[in-house]
Enquirer: 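Below you'll find the structure I mean.
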Amino acid sequence: MEKTWRWFGKKDKITLGMLRQIGVEGIVTALHEVSNGEIWTEEAIRDLKEYIESYGMRWSVVESLPVCEAIKYAGPERDSLIEKYRISLANLGRCGIKTVCYNFMPVLDWARTDLRHPWPDGTTSLYFDYVRFVYFDVKILQREGAQKDYSADVLRKVEELDRTMTEQDRHQLVENIIVKTQGFVNGNISEGDAEPVRKFKDLLALYDGLTAERLRANMKYFLEAIMPVCDEYGINMCVHPDDPPMDRVFGLPRIVTNADDVRWLLKAVDNFHNGFTFCAGSLSAGAYNDVVAMAREFAPRTHFVHLRSCDVLPGGNFIEAPHTAGRAHLVELIRIFEKEGRNLPMRVDHGKDILGDAEGGYNPGYGFYGRMWALGQVTGMMAAVADENSKN
């Protein structure tokens, strides 16, 4: 697999010069300065591509070319937005960039309740506390009908938590769930938004009454519309699984959470260019997902791999585990994907914060030293697998 790194553009505190020194071969990035729904011009793509190449690396993967909300809920502007998406894809194809990671999660991208959860060794990592997540829904968002989505036991724990929550605690929960994990990846909510909760509720309202079946139909419509461009330029679209892998989040359906969902996706538009981003971390956060079995089944249609791992805890909680631990069994995943023989781009993801990462001003989950350590661990795993293969 090709060793890649998610890089957030020329303003990223982590420079391409630093990445070249630690063995990164390919860059995963996007035109973050372009507003969602606008066309990525060939000129802007080439400028960034050539900048990356000047450091001896290549632009391996676009993560991501965002799919606008109106495409997901089938708003009146859907077709015009899809046409702009098609133009952007064609421009990427003309520039030789062939892999595009995207997601189809309504409103909220990946979510965590704690961005600095402590480990006994002094490091920290991302954490998901289910009761706190429900607390945000019931007590802060105050979504109509939210209580019906949760068990009596969970709602009792929410009430207990409410007795100890301060205004600062509530503010931090808002920041963690809908602000800090979203804005730096072209999300709907940005740091500095005056009323992020109100804006979030307005976005949720756009999906009123949307069922999982309708969301699937909208996804199929989108994919069928862009496949001719993908066929023409050889572009591999690879959807990122929903994170966390819950079938509903804030009342909205999620449709890429488990093996059945992925089977539906690949069959609904049965084209090699309609593929999967195998995010081992997202999948391993679901106790019902057999991550290794999914890798074996979906490797032929996997175009991009995220190597990280989670431990599932009682009560619906999970924590981002070290890359050598957790449910994802990264060594076995490497064996599976190396057998594909396609030099799949792989990036380590959501490393632990170590050696001052927490004070470095990095995006949540994207510290430098923690990811560098993880890349070293994964590189060692890859070398061991290569040695195994050479003896077989």
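Computed from a predicted model, the values in this text were never measured in an experiment. Residues take their numbers from the sequence shown, with the count starting at 1.
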Enquirer: List the atom of Pro241, the atom of Cys279, and the distance in Å for their closest heavy-atom pair.
Expert: CG-CB, 3.8 Å
Enquirer: In terms of ring plane angle, is the pair Phe133 and Phe128 parallel, tilted or perpendicular, where the classes change at 30° and 60°?
Expert: tilted
Enquirer: If hydrophobic clusters are built from ILVMFWY residues whose side chains come within less than 4.5 Å, do Tyr55 and Leu31 share one?
Expert: yes
Enquirer: Using the rule that Ile, Leu, Val, Met, Phe, Trp and Tyr join whenever any side-chain heavy atoms are under 4.5 Å apart, tell me whether Val378 and Val28 fall into a single cluster.
Expert: no
Enquirer: Give a yes-or-no answer on whether the side chains of Tyr233 and Arg94 include a donor-acceptor pair shorter than 3.5 Å.
Expert: yes
Enquirer: For the pair Asp353 (side chain) and Gly365 (backbone), establish whether a donor and an acceptor sit closer than 3.5 Å, ignoring hydrogens and angles.
Expert: no
Enquirer: Would Arg347 and Asp349 pass as an ion pair if we require N to O under 4.0 Å?
Expert: yes
Enquirer: Can Asp47 and Lys10 be counted as an ion pair, charged N to O under 4.0 angstrom?
Expert: yes
Enquirer: A side-chain contact here means heavy atoms from C-beta on lying under 4.5 Å apart; do Pro300 and Glu340 qualify?
Expert: yes
Enquirer: Tell me yes or no: between the side chains of Tyr207 and Glu69, is some donor less than 3.5 Å from an acceptor?
Expert: yes
Enquirer: Phe304 and Phe276: aromatic ring centres closer than 6.0 Å?
Expert: no
Enquirer: Take atom CD in Glu160; do more than 12 heavy atoms of anything else shown fall under 6.0 Å from it?
Expert: yes
Enquirer: Are Leu265 and Phe272 connected into the same hydrophobic cluster when the rule is that any two of I, L, V, M, F, W, Y join if their side-chain heavy atoms are below 4.5 Å apart?
Expert: no
Enquirer: Test your reading of the model: is there a side-chain donor-acceptor pair from Arg342 to the backbone of Thr302, 3.5 Å cut-off?
Expert: yes
Enquirer: Distance from Ile178 atom CD1 to Leu141 atom CG, nearest 0.5 Å?
Expert: 7.5 Å
Enquirer: Under the 3.5 angstrom rule, does the side chain of Asn218 hit a backbone N or O of Ile71 as a donor-acceptor pair?
Expert: no
Enquirer: Charged N to carboxylate O under 4.0 angstrom, Lys220 versus Glu224?
Expert: yes
Enquirer: Considering only heavy atoms from C-beta outward, does the side chain of Val174 approach that of Pro196 to under 4.5 Å?
Expert: yes
Enquirer: Tell me yes or no: between the side chains of Tyr135 and Arg170, is some donor less than 3.5 Å from an acceptor?
Expert: yes
Enquirer: Suppose we call two aromatic rings close when their centres sit under 6.0 Å apart. Are His306 and Phe278 close by that rule?
Expert: no
Enquirer: Flag yes if Leu307 and Met294 sit in one hydrophobic cluster, no otherwise; membership is Ile, Leu, Val, Met, Phe, Trp, Tyr, and two members link when side-chain heavy atoms are under 4.5 Å apart.
Expert: yes
Enquirer: How about Arg198: does its CZ atom have over 12 heavy atoms from other parts shown lying under 6.0 Å from it?
Expert: no
Enquirer: Regarding Thr123 and Asp121, is there a side-chain donor-to-acceptor distance under 3.5 Å anywhere?
Expert: yes
Enquirer: Start with the C-alpha gap between Tyr102 and Thr277, add the side-chain angles, then the distance that decides, and say whether side chain to side chain contact (heavy atoms under 4.5 Å, CB included) holds.
Expert: CA-CA 9 Å; Tyr102 71 104; Thr277 294; over 6 Å; no
Enquirer: Suppose we call two aromatic rings close when their centres sit under 6.0 Å apart. Are Phe250 and Phe200 close by that rule?
Expert: yes
Enquirer: Whether the Asp137 and Tyr150 side chains hold a donor-acceptor pair (N or O, under 3.5 Å, no angle test) is what I'd like checked.
Expert: yes
Enquirer: Using a strict cut-off of less than 4.0 Å between a Lys/Arg side-chain nitrogen and an Asp/Glu carboxylate oxygen, indicate whether Asp311 and Arg327 qualify as a salt bridge.
Expert: no
Enquirer: How many angstroms lie between OG1 in Thr29 and CD1 in Ile52, if you round to the nearest 0.5 Å?
Expert: 6.0 Å
Enquirer: Would Ser282 and Arg308 count as having a side-chain donor-acceptor pair, cut-off 3.5 Å?
Expert: yes
Enquirer: Hey, does Lys157 have a side-chain heavy atom less than 4.5 Å from the side chain of Asp153?
Expert: yes
Enquirer: First locate atom SG of Cys238, then atom CG of Asn103, and finally report the distance between them rounded to the nearest 0.5 Å.
Expert: 11.5 Å
Enquirer: What are the two closest heavy atoms between Gly360 and Lys13, and how far apart are they?
Expert: O-CD, 3.2 Å
Enquirer: Any sub-3.5 Å donor-acceptor pair from Glu63's side-chain atoms to Val100's backbone N or O?
Expert: no
Enquirer: Considering only NZ, NE, NH1 and NH2 on the basic side and carboxylate oxygens on the acidic side, decide whether Glu2 and Arg58 come within less than 4.0 Å.
Expert: yes
Enquirer: Do Glu25 and Thr4 meet the criterion of a side-chain donor-acceptor pair at a distance under 3.5 Å?
Expert: no
Enquirer: Between the main-chain N or O of Ile82 and the side-chain N or O of Arg86, is there a donor-acceptor pair closer than 3.5 Å?
Expert: no
Enquirer: Drop me the distance from Leu92's CG to Leu65's CG, to the nearest 0.5 angstrom.
Expert: 6.5 Å
Enquirer: Is the shortest side-chain N to carboxylate O distance from Arg254 to Asp109 below 4.0 Å?
Expert: no
Enquirer: Side-chain contact test, heavy atoms from C-beta onward, threshold under 4.5 Å: evaluate it for Met246 versus Thr257 and give yes or no.
Expert: no
Enquirer: Under a 4.5 Å cut-off applied to non-hydrogen side-chain atoms, are Phe318 and Pro244 in contact?
Expert: yes
Enquirer: I'd like to check Met346 versus Phe337 (side-chain heavy atoms, cut-off strictly below 4.5 Å). Are they in contact?
Expert: no
Enquirer: Please tell me if the side chains of Ile39 and Tyr85 come closer than 4.5 Å, counting only heavy atoms from C-beta onward.
Expert: no
Enquirer: Kindly give the heavy-atom pair with the smallest separation between Ile45 and Trp59, and that separation in Å.
Expert: O-CZ3, 3.6 Å
Enquirer: Going by atom types alone, do Arg112 and Tyr127 pair a side-chain donor with an acceptor below 3.5 Å?
Expert: no
Enquirer: Can a donor-acceptor pair be found between the side chains of Ser88 and Asn91 at a distance below 3.5 Å?
Expert: no
Enquirer: Tell me whether the NZ or CZ atom of Lys352 lies within the 45° cone about the ring axis of Trp373 and under 6.0 Å from its centre.
Expert: no
Enquirer: In sequence, state the C-alpha distance, the side-chain angles, and the governing distance for Asp357 and Tyr362, and then conclude on side chain to side chain donor-acceptor pair (under 3.5 Å).
Expert: CA-CA 7 Å; Asp357 273 338; Tyr362 304 119; 4.7 Å; no
Enquirer: Atom CZ of residue position Arg214 - does it have more than 12 heavy atoms of other residues, nucleotides or ligands inside 6.0 Å?
Expert: no
Enquirer: Specify the closest pair of heavy atoms between Met227 and Val269, including all atoms of both residues, with the distance to one decimal.
Expert: CG-CG1, 3.7 Å
Enquirer: Does a side chain donor of either His350 or Glu320 reach within less than 3.5 Å of an acceptor in the other side chain?
Expert: yes
Enquirer: Rounded to the nearest 0.5 Å, what's the gap from NZ on Lys49 to CD1 on Ile97? Could you check?
Expert: 6.5 Å
Enquirer: Any carboxylate oxygen within less than 4.0 angstrom of a Lys/Arg side-chain nitrogen, looking at Lys267 and Asp270?
Expert: no
Enquirer: Between Asn236 (side chain only) and His303 (backbone N and O only), is there a donor and an acceptor less than 3.5 Å apart?
Expert: no
Enquirer: Output yes when Arg156 and Glu159 qualify as a salt bridge under the 4.0 Å nitrogen-oxygen rule, no when they do not.
Expert: no
Enquirer: Which pair of heavy atoms, one from Thr113 and one from Asn176, lies closest together, and at what distance?
Expert: O-ND2, 2.9 Å
Enquirer: Using 4.0 Å as the upper bound for N to carboxylate O, is an ion pair formed by Arg296 and Glu332?
Expert: yes
Enquirer: Just so I know, are the side chains of Asp12 and Tyr366 near enough to count as touching, which here means a heavy-atom distance under 4.5 Å?
Expert: no
Enquirer: Nearest 0.5 Å please: distance from the CE atom of Met382 over to the CG atom of Leu375.
Expert: 8.5 Å
Enquirer: Show, in sequence, the C-alpha distance, side-chain angles and deciding distance for Asp114 and Arg132, and conclude whether the salt bridge (charged side-chain N to carboxylate O under 4.0 Å, His left out) test is met.
Expert: CA-CA 9 Å; Asp114 188 345; Arg132 286 181 173 266; over 6 Å; no
Enquirer: Can you see which heavy atom on Asp169 is nearest to which on Thr164, and at what distance?
Expert: OD2-O, 3.8 Å
